[in-house]
Amino acid sequence: MIQEDIEKILGELEALKCKTQKEVEEARVRFLGKKGEVTALFDEFRTFDKENKARFGKVLNELKQKAQARVEALREELLSDPSQAEGPRSDLSLPGDPFELGSRHPVSIVRQQIVDIFRKFGYDVAEGPEIEDDYHVFEALNFPANHPARDMQDTFFVSAGHLNPLLLRTHTSSVQVRTMEKMDVPIRVICPGRVFRNEAISARAHCIFNQVEGLYIDENVSFADLKQAILLFAREMFGADTQIRMRPSYFPFTEPSAEVDVSCNICHGKGCNICKGTGWLEILGCGMVDPNVLEASGIDSKKYSGFAFGMGLERIAMLKWRVNDLRHYFENDMRFLHEFAPAPEV
Ligand code: DAH
């Protein structure tokens with residue numbers, strides 16, 4: 001009986017293989033631990049009579065030594081194997097841990113495109129505060145005292161009640177005014193920024209959105225210059241075969257004023273559900289800066305003239321990527337944002 005057990009253990013020790021130090025330790029416990037197989041044979045040995053004790057004592061001691069030697073040999077073997085070394089991996093050619101790259105927000109992508117296009121035309125970028133005063137958002141832009149845009153329904157007031165209340169700007173046209181106050185003519189700027197309106201949030205309206213304002217002032221600037229600037233912009237932004245059309249409109253700060261449509265680049269003028277069958281998509285408002293606006297900021301309206309334009313970035317992005325709900329831009333749903341992720345670099 002015990003002879004068979006000894007042989008079985010000897011065979012197992014011979015065949016024993018360990019890949020890690022942990023496995024070596026497990027093997028040691030299995031054979032030599034307090035409840036190990038070799039230890040169990042010693043327990044059994046204690047119950048033997050004299051004769052059997054004499055017969056198996058030496059054999060058992062040899063078995064124990066062999067088990068100890070085998071475990072020690074396996075431990076040494078692993079220690080001299082560099083791939084089993086503990087501590088940091090020493091193979092520097094192994095690939096690193098992958099981490100997910102973020103993506104640019106569609107509104108940021110469009111803003112950058114617009115800025116790049118107008119930079120090429122020689123425009124500088126100007127910025128102004130989001131918390132503005134009534135003067136820069138309305139008064140200096142020729143809004144009549146009782147104009148509905150000043151109404152509580154549209155404007156978030158920060159401090160109401162006195163002569164020039166603080167408010168969240170409702171358009172980036174306020175940056176026109178600040179630029180005219182600061183810079184000498186000629187002026188060529190575009191002003192990207194966030195604007196705020198007290199609107200119920202829906203697929204087509206939001207209380208926060210982004211605009212880009214443009215302003216060009218010099219001697220002899222004409223409506224033809226405005227038209228050309230917008231046409232060149234539209235072709236850079238929407239494709240070389242883009243057409244524009246201007247419709248007469250009204251803004252207090254421009255005279256004459258127009259709204260600009262671009263030819264629908266989805267149906268190419270045939271009419272589709274994006275352009276609602278008209279073949280045209282509205283992209284911006286513009287006009288010749290009203291002489292009152294120039295004078296309010298200290299620019300001689302007899303010597304200088306200029307044009308201005310303003311557009312909503314979310315709207316341009318919607319047209320570009322056919323997004324049908326404005327709320328997607330603000331909800332940070334990863335599934336939406338990942339649509340705009342650049343292809344991973346290889
Ligand atoms: N500020 C206007 C708006 O928020 C957009 C605009 C229209 C800006 C005409 C302009 C302009 O500079 O000339 O709706």
Side-chain angles (χ1 to χ4, degrees), residues 107 111 114 118 121 123 125-130 132 134-144 147-151 153-156 167-181 187-199 204-217 221-231 233-234 244-262 281-294 296-297 299 301 304-316 318 326:
V107 170
R111 183 201 296 115
I114 296 173
F118 281 102
F121 298 167
Y123 285 66
V125 173
E127 285 184 335
E130 292 179 344
E132 259 294 2
D134 180 275
Y135 176 80
H136 288 90
V137 176
F138 299 124
E139 191 73 32
L141 286 164
N142 203 32
F143 276 80
H147 194 282
R150 299 186 185 209
D151 200 285
Q153 277 177 15
D154 283 314
T155 309
F156 288 114
L167 41 86
L168 300 185
R169 66 181 178 196
T170 55
H171 54 181
T172 42
S173 304
S174 54
V175 191
Q176 274 189 38
V177 179
R178 293 209 171 261
T179 307
M180 287 189 285
E181 287 171 350
I187 294 172
R188 246 185 273 164
V189 288
I190 52 162
C191 326
R194 281 199 304 183
V195 301
F196 308 86
R197 285 186 200 173
N198 196 354
E199 302 244 14
R204 322 197 107 250
H206 209 284
C207 56
I208 305 176
F209 52 101
N210 289 267
Q211 288 188 331
V212 167
E213 188 79 11
L215 178 68
Y216 187 143
I217 299 173
V221 178
S222 71
F223 200 90
D225 296 320
L226 167 62
K227 207 170 160 184
Q228 190 63 13
I230 301 294
L231 179 65
F233 161 70
I244 63 166
R245 84 175 176 185
M246 289 181 142
R247 288 175 287 107
S249 186
Y250 172 77
F251 301 102
F253 35 93
T254 44
E255 181 58 36
S257 306
E259 269 163 317
V260 177
D261 301 338
V262 291
L281 301 161
E282 186 190 322
I283 56 156
L284 56 80
C286 62
M288 300 305 291
V289 180
D290 194 293
N292 289 346
V293 173
L294 295 174
S297 296
I299 292 175
S301 65
Y304 298 110
S305 56
F307 61 73
F309 54 88
M311 61 190 123
L313 292 184
E314 284 80 3
R315 175 155 177 83
I316 305 257
M318 275 172 120
L326 203 51

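Position 1 is the first residue of the sequence; numbering continues from there. Please read these numbers as outputs of a predicted model, since none were measured by experiment. Scope of the values below: all heavy atoms of this structure, side chains included, with no hydrogens, waters or symmetry mates. Whatever order the structure lists ligands and atoms in, that order sets their numbers, starting from 1.
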Quiz item: For R194, does its backbone N or O pair with a side-chain atom of R169 as donor and acceptor, under 3.5 Å?
Solution: yes

Quiz item: Among protein heavy atoms, which sits nearest to atom 12 (O) of ligand 1, and what does the distance come to when rounded to 0.1 Å?
Solution: E213 OE2, 2.5 Å

Practice problem: Could you check whether the rings of F253 and F143 sit parallel, tilted or perpendicular, using 30° and 60° as the cut-offs? | Solution: tilted

Exercise. Check whether any heavy atom of R169 sits under 4.0 Å from an atom of ligand 1.
Key: no

Quiz item: What is the minimum heavy-atom distance between A140 and V177, and which atoms define it?
Solution: CB-CG1, 3.7 Å

Self-check item: Main-chain N/O of V221 paired to S305 side chain as donor or acceptor, under 3.5 Å
Solution: yes

Quiz prompt | Q211 touching ligand 1 at heavy-atom level, < 4.0 angstrom | solution = yes

Quiz item: Quick one: which ligand 1 atoms are inside 4.0 Å of a heavy atom on R197?
Solution: 3 (C), 4 (O), 14 (O)

Quiz item: Is the side chain of T170 donor-acceptor paired with the backbone N or O of T155 at a distance under 3.5 Å, no angle test?
Solution: no

Quiz item: In ligand 1, which numbered atoms sit nearer than 4.0 Å to a non-hydrogen atom of Q176?
Solution: 12 (O)

Exercise. Please confirm whether the backbone N or O of G193 pairs with a side-chain atom of Q211, one donor and one acceptor, at under 3.5 Å?
Key: no

Self-check item: Ligand-residue contact atoms, ligand 1 with G310, heavy atoms, under 4.0 Å
Solution: 6 (C), 8 (C), 10 (C), 12 (O)

Practice problem: Please answer whether the main-chain N or O of E255 pairs with a side-chain N or O of D290 as donor and acceptor at a distance below 3.5 Å. | Solution: no

Self-check item: Per-atom contacts of ligand 1 with S173, taking only distances under 4.0 Å to non-hydrogen atoms
Solution: 1 (N), 8 (C)

Quiz item: So which protein heavy atom does atom 2 (C) of ligand 1 come closest to, and at what separation?
Solution: F253 CZ, 3.9 Å

Exercise. Answer yes or no: does an N/O atom from A308 fall short of 3.5 Å to an N/O atom of ligand 1?
Key: yes

Quiz prompt | Proximal ligand 1 atoms for T254, defined as those under 4.0 Å from one of its heavy atoms | solution = 13 (O)

Quiz item: Got a sec: does the CZ of R245 have more than 12 other heavy atoms crowding it under 6.0 Å?
Solution: yes

Exercise. Could you tell me which atoms of ligand 1, counted from 1 in the order shown, lie closer than 4.0 angstrom to a heavy atom of G287?
Key: 13 (O)

